[in-house]
Amino acid sequence: MVAKPSCYALASEGGEPVVATRDGGEELLFVPPLNFAMVDAGLYRSGFPETANFGFLRTLRLRSVLCLCPEPYPEANLDFLRENGIGLFQFGIENRKEPFANIPEDTIREALKVVLDVRNRPLLIHCKRGKHRTGCVVGCLRKLQRWCLTSIFDEYRRFAAAKARISDQRFIERFDVASMKRQSAASFSN
């Protein structure tokens with residue numbers, strides 16, 4: 001016999017609140033972070049989580065959070081992570097608005113190593129709005145997963161919307177997956 005959970009939540013894309021019920025009919029409201037979506041099994045993306053999102057994030061039973069912002073992580077968020085046994089990986093990538101700014105390829109590679117390590121899952125990847133920095137990491141992951149560029153760029157633009165950056169898409173297109181695979185093979189053979 002399968003036990004019925006006392007509460008449940010369904011992940012919704014785009015930050016729409018999710019209503020769940022407890023035994024006894026009480027309704028609970030779970031609010032996902034801005035630009036929240038599932039990327040893969042046990043892998044999620046979003047904008048920066050706020051305290052209103054903690055109840056929703058708790059339902060994901062996260063093991064790790066990958067933050068792509070350089071600013072110190074807020075104390076309320078650190079407390080949430082500690083209380084829930086969630087590890088934090090932080091790769092500070094500056095938010096660059098100018099079109100010719102360099103995206104730090106080495107940092108993206110290090111972030112991808114965290115993403116690819118299944119011991120870190122369930123994992124949430126986020127930056128400030130879940131658009132550009134997160135979009136670059138997810139786009140490079142999609143290249144590793146052998147998605148075609150058209151599908152990768154469609155996904156990137158779905159989250160970046162009117163603020164899609166040609167420089168981000170060019171970075172994803174030029175990202176060398178072969179060197180990433182060589183790097184992964186070398187680290188597993190040691």
Side-chain angles (χ1 to χ4, degrees), residues 11-15 30-96 101-145 147 152 155-156 158-160 163 165 168-169 171-172 175-177 179-181 183-184 187-188:
S12 91
E13 290 188 17
F30 293 109
V31 181
L34 177 72
N35 269 335
F36 177 83
M38 178 182 265
V39 175
D40 206 354
L43 184 59
Y44 308 95
R45 65 176 291 163
S46 75
F48 210 101
E50 299 177 2
T51 54
N53 307 130
F54 292 169
F56 175 82
L57 294 177
R58 201 172 284 115
T59 67
L60 301 176
R61 297 189 173 149
L62 296 172
R63 184 173 291 160
S64 308
V65 167
L66 174 69
C67 176
L68 300 168
C69 300
E71 299 81 20
Y73 216 61
E75 198 59 42
N77 292 56
L78 288 172
D79 289 343
F80 171 77
L81 297 180
R82 276 191 290 271
E83 290 165 8
N84 291 279
I86 302 170
L88 174 65
F89 296 92
Q90 189 163 10
F91 295 92
I93 299 173
E94 293 294 328
N95 187 13
R96 56 227 188 300
N102 288 334
I103 298 168
E105 189 167 340
D106 290 344
T107 306
I108 297 290
R109 286 183 196 291
E110 292 303 311
L112 280 170
K113 287 180 187 176
V114 171
V115 171
L116 293 170
D117 187 343
V118 294
R119 296 173 294 181
N120 296 322
R121 294 188 184 184
L123 170 75
L124 173 69
I125 306 166
H126 77 80
C127 57
K128 183 72 175 164
R129 302 269 178 233
K131 294 180 180 184
H132 304 108
R133 292 169 280 191
T134 299
C136 284
V137 170
V138 172
C140 292
L141 172 66
R142 298 304 193 199
K143 278 193 79 171
L144 285 167
Q145 294 174 325
W147 279 33
I152 294 170
E155 181 181 45
Y156 170 84
R158 183 164 43 109
F159 290 95
K163 298 202 176 198
R165 296 178 182 155
D168 288 348
Q169 293 171 76
F171 174 82
I172 294 166
F175 183 75
D176 183 12
V177 295
S179 69
M180 186 76 192
K181 289 177 183 177
Q183 203 173 30
S184 295
S187 65
F188 287 119

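Small disclaimer: the values here were computed from a predicted structure and weren't measured. The analysis underlying the following values was restricted to heavy atoms, covering all of them including side chains, and did not include hydrogens, waters or symmetry mates.
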- Heavy-atom check, side chain of Pro49 versus side chain of Leu124, under 4.5 Å: yes

### Task
Look only at the side chain of Arg129 and the backbone of Leu34, and say whether a donor-acceptor pair between them is shorter than 3.5 Å.
no

To the nearest 0.5 Å, atom CG of Asp168 lies from atom OH of Tyr156 at 3.5 Å

Between Lys143 and the options Ile152, Leu112, Asp176, the side chain to side chain contact (heavy atoms under 4.5 Å, CB included) test singles out Ile152

Check your understanding: Checking Asn120 side chain against Val114 main chain: does a donor-acceptor pair fall under 3.5 Å?
Key -> yes

| said: For Glu50, is the CD atom crowded, meaning more than 12 foreign heavy atoms sit under 6.0 Å from it? | reply: no

message: A quick test of your reading: do over 12 heavy atoms of other residues, nucleotides or ligands sit less than 6.0 Å from CZ of Arg82?
response: yes

Ile103 and Cys136 have their tightest heavy-atom pair at CD1-SG, 4.0 Å

* Judged by atom type as modelled, is there a donor-acceptor pair below 3.5 Å linking the side chain of Gln90 to the main-chain atoms of Cys69? -> yes

The reported gap from CZ in Arg165 to NZ in Lys131 (rounded to nearest 0.5 angstrom) is 9.0 Å

So CG of Asn77 and OG1 of Thr51: to nearest 0.5 Å the spacing works out to 8.0 Å

Got Leu57 and Pro33 here, is their nearest side-chain heavy-atom distance under 4.5 Å?
-> yes

Ignoring hydrogens and geometry, is there a side-chain-to-backbone donor-acceptor pair from Arg133 to Ile93 under 3.5 Å? yes

Fill in: Pairwise side-chain contact, Val65 with Tyr73, heavy-atom cut-off 4.5 Å (strictly under)
yes

Expected output: side-chain Arg109 to main-chain Pro104 donor-acceptor under 3.5 Å: no

For Cys127, does its backbone N or O pair with a side-chain atom of Thr134 as donor and acceptor, under 3.5 Å? yes

**Asked** Within the distance-only criterion (no hydrogens, no angle test), does the side chain of Asn53 pair as donor or acceptor with the backbone N or O of Pro32 below 3.5 angstrom?
**Response** yes

To the nearest 0.5 Å, atom SG of Cys67 lies from atom CG of Leu88 at 6.5 Å

Using side-chain heavy atoms (C-beta onward) and a distance below 4.5 Å, is Arg121 in contact with Leu43?
yes

TODO: Would you sort out whether Leu116 and Leu144 count as a side chain to side chain contact (heavy atoms under 4.5 Å, CB included), showing the intermediate values?
DONE: CA-CA 10 Å; Leu116 293 170; Leu144 285 167; 3.9 Å; yes

Please verify the inter-ring angle class for Tyr44 with Phe36; under 30° counts as parallel, over 60° as perpendicular, anything in between as tilted.
parallel

- request: Indicate yes or no: at least one non-hydrogen side-chain atom of Phe56 is less than 4.5 angstrom from one of Val31.
  value: no

CG (Leu123) and CZ (Arg63) are apart, to the nearest 0.5 Å, by 10.5 Å

Report yes if some heavy atom in the side chain of Glu110 is under 4.5 Å from a heavy atom in the side chain of Thr107; otherwise report no. no

Would you say that Asn35 contacts His126 through its side chain, given a criterion of any heavy-atom pair below 4.5 Å between the two side chains? no

Those residues at least two apart in sequence (or on a different chain) that pass side chain to side chain contact (heavy atoms under 4.5 Å, CB included) with Arg58 are Phe54, Phe80, Asn84

Distance col, row Ile108:CD1 vs Lys113:NZ, nearest 0.5 angstrom, shows 13.0 Å

- State, yes or no, whether a side-chain contact exists between Phe159 and His132 at a heavy-atom distance under 4.5 Å. no

Heavy atoms of Ala111 and Leu68 approach each other most closely as CB-CD2, 4.3 Å

